[in-house]
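Worksheet: one structure, shown below.
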Amino acid sequence: MGKDTAIEWTEATLSLGWGCRKVDSACLNCYMFRLSKQHGIDPTKPRILDIERKDKELTRWKNKTMVFINDMTDTFGEFYSFDLIEQWHQLFERHPDKQFQLLTKRIGRAMLFYRERPVPKNVWLGCSIGERSRLFRIEQLKKIDAKIRFVSFEPVIEDLGDFSLEGIEWAIVGGESDYYHPRPMKPEWAESIRQICERDKVAFFFKQLGGKHKCECCNAWGCAKLNGQIYREYPKFEIQKLAYK
Ligand code: SF4
């Protein structure tokens, strides 16, 4: 499998839109806002990118399986119509050899969308959570019938306490990385989530401790080790047959 991104838990990223609006405190240092400013783009005015071009791009990626979708926006943002989101889902279905990793903070809107159509088999549906007050998203996610459900705890900005991950296949954990003011994550907060994963039989992926600097031992922000060890687990998935030549 090839790799075309610095994001540790995927192989490639594909943006179908660009722009978003902040919804919680974990969004404070969103990298899309920083990148938009560098490119002179207003990040609060989401734009839709050319879907046909993206379709061709996916067809060329024969050596990549996992694709993180919409890393520069939120698929279920209120600024995108359900018609458009449906077109994106048809794109996912045209590429059954890919596993699309779709993360959203608007899981309530995802629930509404999936009342009308099933989650494609090759879409991993996830929600992002960085603080206690947003843990309710896990319960919303559990109500959606997706083959793989996952939670990205990133950036973790406080101790999340105890909660259930039963029915969830995968958890990614990371602290905030930012050149200016990263909010620190204590290793014990990450360890607490790891123990929940162990108890609830959830694949656990520890991305980084976070901070301003990359670690000399592993090149991750802060460090990629927890308890002196690397945790890079994935959920089990099947690659479907190619539908195109
Ligand atoms: S929801 Fe995601 S993309 Fe949107 S502002 Fe928050 S972190 Fe950024």
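Each residue takes its place number in the sequence, starting with 1. We count ligands from 1, going down the list as the structure has it; atoms in each ligand are counted the same way.
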**Report entry** Parallel, tilted or perpendicular: rings of Phe163 and Phe153 (30°, 60°)
**Finding:**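 Rings of Phe153 and Phe163: tilted, 30 to 60°.
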Report task. Look at the aromatic rings of Trp124 and Trp170 and report parallel, tilted or perpendicular, splitting at 30° and 60°. Result ->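 Correct class here is perpendicular.
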Requested in this report: Could you name the option among Cys20, Ala26, Gly19, Gly77 that has the heavy atom nearest to atom 4 (Fe) of ligand 1?
Outcome: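 That would be Cys20.
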Requested in this report: Would you tell me which option among Pro43, Cys27, Ser25 has the nearest heavy-atom contact to atom 7 (S) of ligand 1?
Outcome: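 Result: the heavy atom closest to atom 7 (S) of ligand 1 is in Cys27.
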Query raised in the report: Short check: any N/O/S atom of Cys30 below 2.8 Å from atom 8 (Fe) of ligand 1?
Result: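 True for Cys30.
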**Report entry** Per-atom contacts of ligand 1 with Lys105, taking only distances under 4.0 Å to non-hydrogen atoms
**Finding:**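 With Lys105 as reference, the close atoms of ligand 1 come out as 1 (S).
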Query raised in the report: Which ligand 1 atoms, with their elements, are less than 4.0 angstrom from a heavy-atom of Phe33?
Result: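 Those qualifying, in numeric order: 5 (S).
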Requested in this report: Starting from atom 1 (S) of ligand 1, locate the nearest protein heavy atom and write down its residue, its atom name and how far away it is, to 0.1 Å.
Outcome: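 For atom 1 (S) of ligand 1, the nearest protein heavy atom is Arg106 NH1, 3.6 Å.
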Query raised in the report: Between the side chains of Ser164 and Lys142, is a donor N or O closer than 3.5 angstrom to an acceptor N or O?
Result: yes
**Report entry** Ring centre gap for Phe76 and Phe113 strictly below 6.0 Å
**Finding:** yes
Query raised in the report: Is the closest basic N to carboxylate O distance between Asp178 and Arg183 below 4.0 Å?
Result: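 So Asp178 does not pair with Arg183 through a salt bridge.
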